[in-house]
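Any value given below was found using the heavy atoms of this structure, including those in side chains, with hydrogens, waters and symmetry copies removed. In the text below, chain A, chain B and the rest are named by the order of the sequence lines, each starting its count at 1.
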Amino acid sequence: MAMNERYEPQSIEQRWQSRWEGAGAFRAGRRPEVEKRYVLEMFPYPSGAMHMGHARVYTIGDALARYLRMRGYDVLHPIGFDALGLPAENAAIKDGRHPAERTRENIVAFRAEMKTLGYAFDWEREVVTADPSYYRWNQWFFLKMLERGIVYRREGKANWCTGCATVIANEQVVEDNRCERCGSPVVEKVIPEWAFRITAFAQDLLDGLDGLTEWPERIVTMQRNWIGKSVGAEVDFAVPGQEPIKVFTTRVDTIHGCTYVVLAPEHPLVERLTRPERQAEVRAFVERMRKTDAAERTGEAAPKEGVFTGARAVNPYTGEEVPVWIANFVLAEYGTGAVMSVPAHDQRDFEFARKYGLPIRVVIQPAKGERLPRGDALTEAYTADGVLEASGDATGLDSAAAREKLAAEAKARGFGQPTVRWHLRDWGFSRQRYWGTPIPVVYCPDHGVVPVPEDQLPVTLPAEALITGTGEPPLAKVPSFVNTTCPRCGGPARREVDTMDTFVDSSWYYARYLSPKDDTRPFDPAEAKRWLPVDVYVGGPEHAVMHLLYFRFWHRVMHRLGLVQEDEPVKRLVTQGIVNGPDGRKMSKRWGNVVAPGPIVARFGADTVRLFMLFAAPPEKDIDWSDEQVDGLFRFLSRVWRIFHARQECFRAPEAALAQAQGDFLELRRKTHRTIKRVTDGIQGDLKFNTSIAALMELVNALYALEPASEPDRAAVREALIAVATLLAPFAPHAAEELWHEVLGPAARDALLAEHPWPAFDPALVAADVVTIAVQVNGKLRGEVQAPVAAGEAEVRALAEGEERVRAHLDGKSVRKVVFVPKRLINFVVGG
RNA sequence: GGGCGGGUGGCGGAACUGGCAGACGCACCAGACUUAGGAUCUGGCGCCGCGAGGCGUGAGGGUUCGAGUCCCUCCCCGCCCA
């Protein structure tokens, strides 16, 4: 046997990668007759070299994909590159290189690095969003959505990032009004832009969440909050001589307890209704608020502050006049920018009322329990539902019924209506940047906005754009691009110079993988019927509300277009944790704790890196990089390697001898079959690869403890070795493949372990015939006994009472009760 | 402040529907082999105690024959939102 004595991954990994590729082992769709599985990881943005986070996601997805393939499914496990976007463009501004060129290079490097990790991707389906053959379908979707009114043009207030010099989405504005990408301040700017009417799908997207039972609950919750449905009513408070103040409330049942109204400082009515004598104070306050950050202003911890405008508004239900204030905790953008304040039943209103001496009026009593005192004796607001009092016609109703009645009344009497509000906003996707999908419309002096006809797609990005990062969009400065003709009249026209948000690209790429080369449509619906939805989607939880909401929206649009059959794109979502530096801090140049996968792979091999990613913790947990732990995993693979080498004499043992294995070797067989079960269970349930690998380690340890001496012994060892190699295949595929071929020899010359069936365990061997039963006295462990599995209480009790240590604790005491749990324990409850 | 996760040895983590807490790995200690060891193999390794034994899953209470697991009160950490 020519087996190398030492484990040298460098000498084997590449060989297997070529063989897998040569055999097309990971090509999807080769077995239309079997069940499919679509395993997807979020595709990378190739901004530079691969980092550990990438290695982790793709290793998790790959282990699963390889496992499922061995389970006999036709597995689709594709990969591509999210190649358009700001970082490439910003880098271009810095060093003057064209984003296309840089992106191409990055992809080449990235792809090569992914290949060294041995991922079982179907590379023939690779998709690059920067290719016109991809983004033309973004444009196609745009046109379809424009036709259906899902895309529209609006003059909107937009978040303008002063650093990126572009509009960014609400979701991309992070703390302190800063840009998610570059950290620069974000200011408000009025700009014409294109938007997707995602709000028209709000209810749908919300309802769909109920069906996502295999998504992490917290992601579902985040989406639910982001969509943010609130059911309530709009009510007009009349102001003499002015237009009424429109307030939105979810608690119209408390409206008889409204004792004042509060406007946002930016509310357009503020200026007009403020009484002359209050003008100076109000202006000063508005000015101060303008300079304060919204989050800081409305934070629960922030003190409630406000000023009286001198004006009064009429509560339409009671005809009562209430004072109008402005305050820091009301935001113009939220709701109507005005709220009715019910201090008895809203904590914030309560605190405000206390501070400024405004009246507090109780109008809701708890349905049961103690009655609330008068308003001035309250110590905090009562915010739960209850029964109405002092509320006119609605008195005596419970809150829910009152809300319905009062909202309907508003409508009937013409001063309001039942209303549903959403936190979700339409998705503005225009970007004043170069490196994105051109928006396929032209502006004609005679015909206005004219869509580019489908047969003229793609509108390609001109290579010669000057990218400076300032001023008007780069495309505006390319005359050959801008100047075109109107598709309708043939006269001169100008092209749209904005490009699309790159979240468009990632909203449907999973479908493009189904027929990536199709140049007649975005993808083949017949393929979609076979492969969608994605069975498992692996990626970071940071995409909980943007990408994961947008692509759910997009899938619904595709559903309406008849391209896909179902509403939801992904059945099961797996969110993986971060790989931190060895010091437990986020990997960053700033801390100098960055460890790149490349050099680690070069030194220890891909299999060790993969094992590390899987063994450190379950997928959803954050992990710290650990050089020691990596050493340990390399050592494990070396140990596996050595035991195969040391047991070469077992490779030819006849399988027929297995049945005669006895003693330790029968135990080894049990261990082997239990390991198959444990490894399988680990993957199958919650992707607990760490426990699967631990089980494999135990089996390897068991092999080290045994010295086979007979034919049956050797057969048992051989069986264990084959199991080790096979079970290792999803995790450390190269070593597994090599060792498997070593054991099987010529018999497996043309076979690949990657395509081999996953092993089955023999239930008879998994089931124990003798079990260890814990013996307790008064709940404390006092010994253990071996007993046949089927042993009943009497038998186990007799055995237990035979134990000296147990007897010592039973002597002279009366056994009051015996608790017997078959196969587990027996507990003597004794007294006096 | 709200929502969702978490707190288990020196460290990462195991523990099925309440049933022997600490699997597996790392680190550490000891021994063997060795010219050598940052290699390898074997053994040890929660804490206190010479021992018998006692104590131990963030703190305190409860339910139970039995609680890491269930219930109540509280503390701390992380993420998301405000």
Side-chain angles (χ1 to χ4, degrees), chain A residues 5-7 171 174-175 216-226 228 293-302 329 331 334 347-348 351 383 423 540-545 575 577-578 580 582 584 586 611-612 614-618 620-636 638-639 641-643 646 674-675 677-679 681-682 685-686 688-702 704-705 771-785 805 808-809 815-831:
Chain A
E5 216 166 316
R6 285 186 47 187
Y7 172 53
E171 293 91 322
V174 296
E175 236 174 296
E217 202 187 292
R218 68 188 192 108
I219 304 291
V220 171
T221 304
M222 282 166 76
Q223 291 218 349
R224 184 166 284 124
N225 293 340
W226 191 262
D293 176 76
E296 191 180 313
R297 227 175 78 182
T298 57
E300 204 74 31
F329 59 84
L331 289 176
Y334 196 74
Q347 189 58 26
R348 208 154 51 171
E351 286 166 31
T383 58
H423 174 258
E542 67 275 16
H543 293 108
V545 284
T575 50
I578 290 171
N580 289 316
K586 205 174 155 78
L611 278 182
F612 174 82
L614 300 171
F615 186 67
E620 64 280 4
K621 284 200 73 167
D622 288 354
I623 59 178
D624 296 346
W625 180 259
S626 158
D627 290 320
E628 291 79 17
Q629 205 68 239
V630 169
D631 285 340
L633 270 334
F634 181 79
R635 203 176 304 151
F636 167 63
S638 304
R639 251 168 92 74
W641 194 270
R642 269 195 309 275
I643 196 67
R674 279 178 199 145
T675 302
K677 180 168 164 36
R678 282 176 66 194
V679 172
D681 289 350
D686 290 322
K688 296 205 154 197
F689 301 112
N690 55 335
T691 60
S692 291
I693 293 167
L696 268 173
M697 288 171 167
E698 284 188 52
L699 180 56
V700 171
N701 290 345
Y704 267 86
V771 289
T772 305
I773 290 177
V775 183
Q776 296 183 340
V777 177
N778 281 346
K780 285 191 194 298
L781 185 70
R782 296 302 178 193
E784 53 186 38
V785 293
R805 259 183 82 212
H809 286 91
V815 175
R816 281 216 264 255
K817 186 176 171 183
V818 175
V819 181
F820 176 63
V821 182
K823 294 190 271 189
R824 296 221 177 262
L825 65 62
I826 185 163
N827 184 15
F828 295 90
V829 183
V830 302

> When rounded to the nearest Å, what value does the distance between C1' atoms of B:rG22 and B:rG46 take?
Replying inline: 8 Å
> Can you tell me how far P in B:rU40 sits from the matching atom in B:rG25, rounded to whole Å?
Replying inline: 14 Å
> In Watson-Crick or G-U wobble terms, both distances under 3.5 Å, what is the partner of B:rC4?
Replying inline: B:rG78
> Can you tell me how far P in B:rC48 sits from the matching atom in B:rU42, rounded to whole Å?
Replying inline: 28 Å
> Rounding to a whole Å, what distance do you find between A:N701:CG and B:rC41:P?
Replying inline: 10 Å
> Does B:rU73 pair with anything, Watson-Crick or G-U wobble, both distances under 3.5 Å, and if so, with which nucleotide?
Replying inline: B:rA59
>> Work out how far the C1' atom of B:rC16 is from that of B:rG3, and round it to whole angstrom.
In response: 30 Å
> In Watson-Crick or G-U wobble terms, both distances under 3.5 Å, what is the partner of B:rA36?
Replying inline: none
> Where the side chain of A:T221 is concerned, which of B:rC24, B:rC20, B:rG3 is the nearest nucleotide?
Replying inline: B:rG3
>> Nearest whole Å is fine: how far is B:rG3 P from A:H423 NE2?
In response: 17 Å
> Looking only at atom C1', what distance separates B:rG5 and B:rG60, rounded to whole Å?
Replying inline: 23 Å
> Taking the side chain of A:F615 as heavy atoms from C-beta outward, which of B:rG12, B:rA14, B:rG19 is closest to it?
Replying inline: B:rG12
>> For the P atoms, the ones on B:rU57 and on B:rC50, what distance do you get once it is rounded to whole angstrom?
In response: 23 Å
>> It should be established whether A:K621 places a side-chain nitrogen or oxygen under 4.0 Å from OP1 or OP2 of nucleotide B:rG13.
In response: yes
> When you compare B:rC74 with B:rA30, how far apart are their P atoms, in angstrom units rounded to a whole number?
Replying inline: 49 Å
> Are OP1 or OP2 of B:rA14 and a side-chain N or O of A:N690 less than 4.0 angstrom apart?
Replying inline: yes
> Between B:rA23 atom C1' and A:D681 atom CG, what is the distance in whole Å?
Replying inline: 15 Å
> Among B:rU40, B:rG13, B:rG53, which nucleotide sits nearest the side chain of A:R642?
Replying inline: B:rU40
>> Can you measure A:E542 atom CD to B:rG78 atom C1' for me and round it to whole angstrom units?
In response: 15 Å
>> How many whole angstroms separate atom CG of A:N580 from atom P of B:rC79?
In response: 10 Å
> Now, which nucleotide makes the Watson-Crick or G-U wobble pair with B:rU42, with each of the two distances under 3.5 Å?
Replying inline: B:rA30
> Quick one: is A:R635 getting a side-chain N or O under 4.0 Å of the B:rA27 phosphate, OP1 or OP2?
Replying inline: yes
> Can you tell me how far P in B:rU64 sits from the matching atom in B:rC71, rounded to whole Å?
Replying inline: 16 Å
> Within this structure, what is the CZ-to-P distance between A:R824 and B:rC16, rounded to whole angstrom?
Replying inline: 9 Å
> Does A:R224 put a side-chain nitrogen or oxygen below 4.0 Å from OP1 or OP2 of B:rC80?
Replying inline: no
> Does A:R639 make a side-chain N or O approach to OP1 or OP2 of B:rC41 shorter than 4.0 Å?
Replying inline: yes
>> On the nucleotide B:rC55, are OP1 or OP2 found under 4.0 Å from the side-chain N or O atoms that A:K780 carries?
In response: yes
> So what does A:E620 touch, heavy atoms closer than 4.0 Å: a base, only the sugar-phosphate, or nothing?
Replying inline: nothing
